[in-house]
**Q** 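I have a structure I would like to understand better, so I am pasting it below and will then ask my questions one at a time.
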2 protein chains.
Amino acid sequence: MSEDVAPPRRDRIFVQVTVDLAILTVRDGSLQILLIRRGNEPYQDHLALPGGFIREGEGLRDAAHRELHEETGLDGTLLHLTQLGAYGDPERDPRGRIISVAFLAIAPHLPSPVPGSDAVGARWMPVESALADRTFLAFDHYEIATDAVERARTMLEQTMLAPVFCAPEFTMGELREVYEVVWGIPLDPRNFARKVKNTPDFVKETGHKRSPAIGRPAILYTAASPSDATLYPAMLRHAMREAAE
Amino acid sequence: MSEDVAPPRRDRIFVQVTVDLAILTVRDGSLQILLIRRGNEPYQDHLALPGGFIREGEGLRDAAHRELHEETGLDGTLLHLTQLGAYGDPERDPRGRIISVAFLAIAPHLPSPVPGSDAVGARWMPVESALADRTFLAFDHYEIATDAVERARTMLEQTMLAPVFCAPEFTMGELREVYEVVWGIPLDPRNFARKVKNTPDFVKETGHKRSPAIGRPAILYTAASPSDATLYPAMLRHAMREAAE
DNA sequence: TCAAAAGTGTTGCTTGTACACCCATGT
DNA sequence: ACATGGGTGTACAAGCAACACTTTTGA
C-alpha cells in the first residue's frame, strides 16, 4: 500500500470478487469433486465449481462457508476449509474483471444426492474425469481444481487431515482407503496401522466396533486432534515419490 | 459460480484490489523485511508492507512484479514470487472494501539503500522487531508478514529456494547462514555441506574461489535448479522441531 | 472353518546427528 | 603457526518397507 501520492483514477479499478469451492470427497474408491452445471452464460451447460459472489460486509471465509452450505447442505464448521489463493487473470471471466478466491473443502463420504438447496444439478465426479481435459470445466476451474487436489495430497502427507474425509467414526481400513485413493497408491495395512497408532494424538479408539458381513469386527476410531495439526514425522514420503515415476 | 438466477444487485458488490509484498532478505545475521513509511491516511506515518492497487488488465502476479520493481528497483524475474493468498476481512481497510492479494518475495542480500524509485522511505527491519507487536504494522500486515515468514521457513525446508537469498555466487557458509537465520537455529557445517552436495541438482561449483581476510579460500557455488524444485528428502525436519520447544 | 480385520516381529535400508579427525591456504 | 573454510569417516538412533506369522471374531 504505497499510494503515497493518490494514483490516477484509472489505477484504482473496481472489480467483482467470487469465491469458488473445490469440494473433495472419497467415494466408490476414487477421489471425487463436486461440480454444478451452469444454467447461464457464460459457459452455459458446462460443469463448474460451485461458488458465487461475495456480499457486502462478508469475509472471504464467511462467503465460502455460506456457499458450501448452500451447495452441500452441510454445516461448514464440520468441514475443513483452506484457502487456495486468488485467481485473477484479467481474461479468466468473459464478463469482465472478476477475481476469484478459491477454497478447498474436504467432505466426508456423503449420501449420493447432495441435499443442498442450490444444489440442483450438483454431482460428484471423479477428479480423474473432471481433469482429463483442460477445457472440460468452465473458466479457469481446471487450474483451481488441479491446485486443490495437489493441496489435498500434501495436506494428507503433513497434517492429521485424513479423518475429515471419513464419517465421525471410522475403521483403520477406511482411513487407509483415504490415503490410497487420494495418492493413487496401495499401502501396507500393517505398517499403516502401526504408523497411525504410534503417532500421538492422531486417532483414538471409541470403544465401539462394527461387524462386516463376515469376519472380525473392525475397531472404530475418531480423530484425536484438530485436523490441521501437523503430523511428524510426515506420512509416507517415500512411497509417493516412487509412484510419481 | 452458481449464479443460476441473477442475484439481486447488492450481492454483486464491487471492491478494490491491492497487492501487498512481503519482501524478505537475510542481512546482518537476521531475517529482515522491507517496510515503507506511509505518507497518507489511513495509518499515516505507520510502517507497512509495500504494495498498491492493481491496474486495468493487469494480472495479480504482474502487479506484484511491478510493485516489486518500483519498491526495490530489482527486476522481478530474478526474485522468487509466491502468492500467499487473499486477505479480505471487511474491516481490514478503513477506506472501504479493499481486498489484498499478498505475495512473498525472497531477495538476495541487497545494498542498504534500496535503489527503487518509489522506495524513498523504504527500509529493512528485522522481522523480530516488525512482528513484536501486532499493531506495529499498518492494516492487517502483521498477519500477512507472519504468514510470509512461516511460508519462507517451510519453503526453505522443502524446496531448493535458499540460493535465492544469496548473491549469484555464494559459499557454503553463506548458504548455511540463510538456514540458520531463517530458522533461528545453528546447524552443523559439516553435515550441512554433505547434505547439500549429496542432493542432486541443488548447487554446483563455479570453479571460482573467494579469499577471506585470513584462512583458506571459500569455494563458490551457484544454484543448479529452479528455486522451486522440491527438495527430497526435505532439509532438517528434526532440528527445527526440537528448537520449537 | 473360513475370510476379514487386527496385531507382532524381524530384517534391511536410508537418513539424520554428533563428533573426532584431516586437508588447504594465506597472513 | 594458526585461524578459517573445507572435507572424510564413523557410530548411533530413528524411521520406513517388505513380509512372515499370529490372533480375534462372527457367520
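Worth knowing before you read on, the calculation uses all heavy atoms, side chains too, and leaves out hydrogens, waters and symmetry mates. Reminder, nothing fancy here: chain letters follow the sequence lines and each chain counts from 1.
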**Q** How close do A:S129 and A:F136 get, heavy atom to heavy atom, and via which atoms?
**A**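 Shortest heavy-atom contact: O-CD2, 4.3 Å.
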**Q** Using a 3.5 Å distance criterion without hydrogens, assess whether the side chain of B:R66 forms a donor-acceptor pair with backbone atoms of B:R61.
**A** no
**Q** How would you label the contact of A:A218 with the nucleic acid (heavy atoms, under 4.0 Å): base, sugar-phosphate, or nothing?
**A**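 Sugar-phosphate, no base atom in range.
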**Q** Identify the heavy atoms of A:L68 and A:A105 that sit nearest to each other, and give their distance.
**A** CD1-CB, 4.1 Å
**Q** In residues 169-177 of chain B, what residues come within less than 4.0 Å of DNA chain C, judged by heavy atoms?
**A** none
**Q** Can a salt bridge be assigned to the pair A:R153 and A:E157 using a cut-off of 4.0 Å between side-chain N and carboxylate O?
**A** no
**Q** Atom CZ of B:R210 and atom C1' of D:dT4: how far apart are they, to the nearest Å?
**A** 14 Å
**Q** Can you tell me which residue pairs pass the ring-ring contact (aromatic ring centres under 6.0 Å, His included) test with a partner in residues 188-223 of chain B, sequence neighbours excluded?
**A**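 Those involving residues 188-223 of chain B are B:Y179-B:F192.
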**Q** Can you list everything that forms a side chain to side chain donor-acceptor pair (under 3.5 Å) with B:R210? Sequence neighbours excluded, please.
**A** B:E174
**Q** Just the rounded figure in Å: distance from P of D:dC16 to CD1 of A:I185.
**A**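 After rounding, the reported distance stands at 14 Å.
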**Q** A:D188 side chain: which of C:dA5, C:dC19, D:dC19 is closest?
**A** D:dC19
**Q** Is there a side-chain polar atom (N or O) of A:K195 under 4.0 Å from OP1 or OP2 of D:dA17?
**A** no
**Q** Would you sort out whether A:Y87 and A:D20 count as a side-chain hydrogen bond (donor to acceptor under 3.5 Å, both in side chains), showing the intermediate values?
**A** CA-CA 10 Å; A:Y87 293 76; A:D20 283 318; over 6 Å; no
**Q** Take the protein atom CG of A:L187 and the nucleotide atom P of D:dG15, then report the distance between them rounded to whole Å.
**A** 19 Å
**Q** Measure from CD1 on A:I219 to C1' on D:dT25 and round the result to the nearest Å.
**A** 11 Å
**Q** Where do N or O atoms of nucleotides 25-27 of chain C meet protein N or O atoms at under 3.5 Å, pair by pair?
**A**
unit_1: C:dT25; atom_1: O2; unit_2: B:R216; atom_2: N; d: 3.2

**Q** Measure from CG on A:N198 to P on D:dA14 and round the result to the nearest Å.
**A** 13 Å
**Q** Run the salt bridge (charged side-chain N to carboxylate O under 4.0 Å, His left out) test against A:E128 and tell me which residues pass, sequence neighbours left out.
**A**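 A:E128 satisfies salt bridge (charged side-chain N to carboxylate O under 4.0 Å, His left out) with no other residue.
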**Q** Just how far, in rounded Å, is C1' of D:dG7 from NZ of B:K197?
**A** 7 Å
**Q** For nucleotides 9-12 of chain D, give me every protein contact, N/O to N/O, under 3.5 Å, one pair per line with atom names.
**A**
unit_1: D:dG9; atom_1: N7; unit_2: B:R194; atom_2: NH1; d: 3.1
unit_1: D:dG9; atom_1: O6; unit_2: B:R194; atom_2: NH2; d: 2.6

